[in-house]
Amino acid sequence: MVHILFLILKIIGIVLLILLGLLLLLLAALLFVPVRYRGRICKPEEGLEKFTAGGRISWLLRILTLEAQYENGRLQGAMKVFGVSVRKFGERAEEKVLSHADPLEEDRGAGEAAEDPQQTEEEQRQSVAGEQGSPAAGEQEQAEDRQQTAERPPESGKRAEKESVTVLGKVHFLSRAGGKAAAFFRLFFRMIGRLFGIPQRIAKMAERLRKKMNRLKKSFHYWKKFLTSEPFREGMKLLFSELRGLLKAICPRKVKGDFVFGFDDPSVTGQTLGLLSLCAPALTGEFRVIPVFERQILRLDLEAAGRIYGITLLRAFWRLFRDRNVRFIYRKIRGGSKG
């Protein structure tokens, strides 16, 4: 029994060691296997209509690859695993045009056409029935007219009704006049109250403006003190140093191609050539800058390739994380004026 238990523990230990080894292998691959990139830009002399650009990012012997290409005003790309596309983007789905009508719609239309004759027959029957029943309706209307003439009030009732209507009209007129007068006086006293309340509102606005100015003054002094402090200067110095190192590590190691340019004014071409000469140390490789002083031209054919290691990013992040000046800057920016 004990032997079986030790055997199970041994198997579990071996499995755990294998998983730990795989995890360490993956971590080492992430840190020490470079992420390679390659890109190309081509701008012909004719114009921007034929401008093309493309690039590829790969990792671990192209097990993972991300490709993208821009051509003819269309961007296409794909993500590949072991050379098999797992996701594509930038492709426009083509719309399918049906060459024939939907059979269900045709059946529906035929059914409606078949129901139309029945509906017209029913309408004709109803109209005929209405014409036949019209005499009865006429007799009923005559009977109602006789009843109304029999129930008409006498002349005295008409006078009383007219007098009551005139009294009601006068009462309604007086009530409307009183309502309008009350509304006028309410508006009048409200306007007087607003006029007398203007100085008070101005005082409140001045007080709010004074408080805002005080807060702005405190914030200005806080940020001035923070930006002129020694920890801020030391932290920014380290930050720029690490960024410069990262840019140096990310910069392409292979650059080749041609850049042909020229302007109508030869002096502008010479000035541009002088500015580009400042970037010459960064353009290592077979990249040529060709000025043309006789005519206006712009042509570019550039191909670059480089790599970046994960350990480089991790080392830069660790140096920034363990520096107390950088942490001080982070806390102050995150806390704002409350710090």
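The structure presented is a predicted model; accordingly, all values stated were derived computationally and were not measured.
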Counting only heavy atoms not in Leu216, do more than 12 sit closer than 6.0 Å to its CG atom? yes
Taking all non-hydrogen atoms of both residues into account, name the closest pair between Ile297 and Arg299 and its distance. CD1-NH1, 3.8 Å
By the definition side chain to side chain donor-acceptor pair (under 3.5 Å), identify the one residue from Lys256, Arg288, Arg40, Lys43 that meets it with Asp301. Arg40
Side chain Ser219, main chain Arg215, donor-acceptor under 3.5 Å: no
Same apolar cluster: Leu227 and Ile329, side chain cutoff 4.5 Å: yes
Would the number of heavy atoms belonging to other residues, nucleotides or ligands and lying under 6.0 Å from CD1 of Ile4 be above 12? no
Between Val289 and Leu298, is there shared hydrophobic-cluster membership here, with clusters defined by ILVMFWY side-chain heavy atoms closer than 4.5 Å? yes
For the atom pair CD1 (Ile12) and CG (Leu7), what is the distance rounded to the nearest 0.5 Å? 10.0 Å
Could you walk me through whether Arg56 and Arg62 pass the side chain to side chain contact (heavy atoms under 4.5 Å, CB included) test, one step at a time? CA-CA 10 Å; Arg56 181 181 67 242; Arg62 298 188 183 180; 2.9 Å; yes
To the nearest 0.5 angstrom, please state how far the CG atom of Asn325 sits from the CE atom of Met236. 11.5 Å
Could you please spell out the steps behind the side chain to side chain contact (heavy atoms under 4.5 Å, CB included) verdict for Asp323 and Phe328? CA-CA 9 Å; Asp323 186 76; Phe328 168 77; over 6 Å; no
Is the count of non-hydrogen atoms from other residues, nucleotides or ligands lying under 6.0 Å from Arg233 atom CZ greater than 12? yes
How long is the straight-line distance from CD of Glu71 back to OG1 of Thr52, given to the nearest 0.5 Å? 6.0 Å
Going only through I, L, V, M, F, W and Y residues with side-chain contacts under 4.5 Å, is there a path from Leu320 to Ile333? yes
Closest contact, heavy atoms only, Arg327 versus Phe321: NH1-O, 3.0 Å
Are Glu207 and Lys204 ion-paired here, with the side-chain N under 4.0 Å from a carboxylate O? no
Nearest heavy-atom approach of Ile308 to Ala249 is CD1-CB, 4.0 Å
Qualifying ring pair (Phe, Tyr, Trp, His ring centres under 6.0 Å) pairs, either residue in residues 232-266, two or more places apart: Phe226-Phe232, Phe259-Phe261
Report yes if the side chains of Glu234 and Lys237 come closer than 4.5 Å at any heavy-atom pair, otherwise no. yes
Out of curiosity, does Leu27 fall in the hydrophobic cluster containing Ile63 (side-chain heavy atoms, cut-off under 4.5 Å, transitive links)? no
Minimum heavy-atom separation for Ile41 to Phe51, with atom names? CG2-CE1, 3.6 Å
Begin from the C-alpha positions of Leu20 and Leu24 and carry the test side chain to side chain contact (heavy atoms under 4.5 Å, CB included) through to its verdict. CA-CA 6 Å; Leu20 181 60; Leu24 291 176; 4.3 Å; yes
Leu273, Val260: one ILVMFWY side-chain cluster at the under-4.5 Å cut-off? no
Distance from Arg319 atom CZ to Leu238 atom CG, nearest 0.5 Å? 8.5 Å
Locate the shortest heavy-atom distance separating Phe89 from Leu66; write the atom from each residue and the value. CE2-CD1, 4.1 Å
Residues Tyr309 and Val33: closest non-hydrogen pair is CD2-C, 4.4 Å
Val81 vs Leu64, side chain to side chain contact (heavy atoms under 4.5 Å, CB included): CA-CA, chis, key distance, verdict: CA-CA 5 Å; Val81 179; Leu64 292 177; 3.7 Å; yes
Would the number of heavy atoms belonging to other residues, nucleotides or ligands and lying under 6.0 Å from CZ of Phe293 be above 12? yes
Calculate, to the nearest 0.5 Å, the distance between atoms CD1 and NE2 belonging to Ile8 and His3 respectively. 10.5 Å
Rounded to the nearest 0.5 Å, what separates atom CG in Leu246 from atom NZ in Lys248? 12.5 Å
Basic-acidic side-chain contact under 4.0 Å: Glu303, Lys254: no
